[in-house]
Amino acid sequence: MGNLIKVLTRDIDNNGGNFFLDFENAKPTEAEKRVWEEVNEVLTEAMSVLQDLQSYSGAGEAIRQAIQHPNDERVQESAWAAVVPLVGKLKKFYEFSLKLEDALQGLLEFLTSSRCSPTQHLEQEQALARQFAEILHFTLRFDELKMTNPAIQNDFSYYRRTLSRMRIINQTAEEHNEVDNELANRMSLFYANATPMLKTLSDATTKFVSKMKGCIKVLRYQPPNSVEGLLNALRYTTKHLNDETTSKQIKNMLQA
C-alpha cells in the first residue's frame, strides 16, 4: 500500500512524478463510478462512527459503584444497564472495521490493476485516490480517539467479566446481550490493539498482497511479452517485495 504513494516521489513513468492531484475537485469517471460509490457509502458511515466515538463518555462511575458494592443488586443492575448500550456502540465500531477492510480491498484492486501504470492510475483516477487518502485520514483519527479514551477498554472488560459471572451462576441476560462470546473474543482482539483501525488496514493490505503473490506464480509460466504490463504494476505497488519471507523466485521475477 505504501509503495502506491511512492509514485509521488520517484520517476516511475519517466515523468518525474510531474502531475497534478486535484483532491479538492476530483470527481469519479464512469470507469471509477462503481467502486467510488461502494467506497463512498463506507466513508459516509465513517463520519457517523467518528462522531459516536468522539462522544463516547463511558460508564466509569457506574462501574466503580458496582465494584465497590458487589452485593448490592440494584447497583449491579444499574451498571449493567449503563454498559450494555455502550457495548452496542463498540460492536458497531468493530463491524465497521470489517466494512472498511472490504472497501480497501476493492480500492486497491482498482488502483493497482494492469490497465495502466501506477502514475497513470493516480492521474486518471483521482476520485479513488482521494478516497484512499480519506480512508487513511479516518483511520488515524479513529485510532487517535481510541487511544485517548481508556473507557473503551474498561467498559468492554467489565461487560465480559459480568457476562462470565452470569454464566457461572446460570443467570441469563439474552434480552440485553449485545455481544455473544464468539463475537466478544474477536472484539477483544480488535480493541487490544493500540491502533485497531490501522491494523485493520495493514491486514487488508497483507491479504491483498498475498493474492498478488499467488497471481505471480501463475505469471511465471506465461510468455514474458504478454504479462509485462502487469508485472510493472506489481513491481511498483507491492508492499512486501523485499520481505525476507518473499520467495527468491518472486523477487527475481519482479526485480527490474
Side-chain angles (χ1 to χ4, degrees), residues 39-104 131 133-205:
V39 177
N40 187 61
E41 185 176 341
V42 174
L43 287 171
T44 299
E45 186 177 350
M47 298 301 296
S48 173
V49 168
L50 285 180
Q51 289 173 358
D52 284 348
L53 180 56
Q54 193 162 12
S55 63
Y56 190 101
S57 57
E61 181 58 31
I63 291 174
R64 281 191 291 272
Q65 291 297 322
I67 294 173
Q68 292 172 7
H69 305 89
N71 298 319
D72 189 325
E73 192 64 28
R74 183 184 60 81
V75 173
Q76 300 303 314
E77 291 177 354
S78 177
W80 180 252
V83 166
V84 167
L86 293 174
V87 171
K89 286 188 176 183
L90 297 182
K91 175 185 176 184
K92 172 187 173 182
F93 301 158
Y94 169 73
E95 290 176 338
F96 178 77
S97 75
L98 304 180
K99 296 180 183 178
L100 188 67
E101 180 177 353
D102 288 342
L104 181 64
Q131 287 184 321
E134 289 175 342
I135 287 176
L136 293 178
H137 176 75
F138 163 80
T139 298
L140 295 175
R141 182 57 178 153
F142 181 96
D143 287 346
E144 178 188 11
L145 291 171
K146 185 266 180 184
M147 283 191 293
T148 56
N149 193 341
I152 291 173
Q153 287 284 73
N154 293 338
D155 291 349
F156 195 62
S157 295
Y158 176 80
Y159 176 86
R160 297 199 71 187
R161 291 198 306 271
T162 303
L163 209 57
S164 297
R165 187 168 63 249
M166 289 179 173
R167 292 194 186 96
I168 291 173
I169 63 177
N170 294 321
Q171 179 182 351
T172 61
E174 294 301 325
E175 68 276 13
H176 299 298
N177 190 356
E178 287 282 350
V179 177
D180 61 27
N181 193 53
E182 182 180 353
L183 178 56
N185 289 336
R186 296 199 299 271
M187 288 175 58
S188 182
L189 291 174
F190 176 76
Y191 287 111
N193 285 282
T195 55
M197 283 295 176
L198 185 59
K199 186 176 188 304
T200 295
L201 262 60
S202 176
D203 289 347
T205 305

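Values below: all heavy atoms of this structure, side chains included; hydrogens, waters and symmetry mates excluded.
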Check your understanding: Hey, is CD on Gln68 packed in by over 12 heavy atoms from elsewhere, all under 6.0 Å?
Key -> yes
Review point. Any side-chain heavy atom of Trp80 sitting closer than 4.5 Å to one from Met166?
Key: yes
Check your understanding: Is any side-chain heavy atom of Tyr159 less than 4.5 Å from a side-chain heavy atom of Leu86?
Key -> no
Revision key, fill the gap. Heavy atoms of Ala204 and Glu101 approach each other most closely as CB-CG, 3.5 Å
Exercise for review: Evaluate the side-chain contact (heavy atoms from CB on, under 4.5 Å) criterion for residues Tyr56 and Asp155: first the C-alpha distance (whole Å), next the side-chain angles of each, then the deciding distance (0.1 Å), finally the verdict.
Suggested key: CA-CA 11 Å; Tyr56 190 101; Asp155 291 349; 2.7 Å; yes
Review point. Which residue pairs pass the salt bridge (Lys or Arg N to Asp or Glu O under 4.0 Å) test with at least one member in residues 133-153, sequence neighbours excluded?
Key: Arg130-Glu134, Arg141-Glu144
Exercise for review: Output the distance between atom OG1 (Thr195) and atom CZ (Phe142), rounded to the nearest 0.5 Å.
Suggested key: 10.5 Å
Just list the side-chain donor-acceptor pairs under 3.5 Å for residues 42-51, sequence neighbours left out, or say none.
from, atom 1, to, atom 2, distance (Å)
Thr44, OG1, Asn40, O, 2.9
Glu45, OE1, Lys99, NZ, 3.0
Glu45, OE2, Lys99, NZ, 3.3
Ser48, OG, Lys92, NZ, 3.2

Point to revise | Test log, rule side-chain contact (heavy atoms from CB on, under 4.5 Å), inputs Leu201 and Ile135 | key: CA-CA 9 Å; Leu201 262 60; Ile135 287 176; 3.8 Å; yes
Exercise for review: Over 60° means perpendicular and under 30° means parallel, so classify the ring planes of Tyr191 and Phe156, tilted if in between.
Suggested key: tilted
Practice item. Any chance you could lay out the salt bridge (Lys or Arg N to Asp or Glu O under 4.0 Å) test for Glu77 and Arg74, step after step, and finish with the verdict? Key: CA-CA 5 Å; Glu77 291 177 354; Arg74 183 184 60 81; over 6 Å; no
**Study point:** N/O donor-acceptor pair under 3.5 Å between Ser164 side chain and Arg160 backbone
**Key:** yes
Exercise for review: Give a yes or no on whether Glu61 atom CD has more than 12 heavy-atom contacts from other residues, nucleotides or ligands under 6.0 Å away.
Suggested key: yes
Review point. Parallel, tilted or perpendicular for Phe138 and Phe96, by the 30°/60° rule?
Key: perpendicular
**Study point:** Side chain to side chain, Leu90 and Val179, heavy atoms closer than 4.5 Å
**Key:** no
Exercise for review: Measure from the side-chain N and O atoms of Ser157 to the backbone N and O of Asn154, and report whether any donor-acceptor pair falls under 3.5 Å.
Suggested key: no
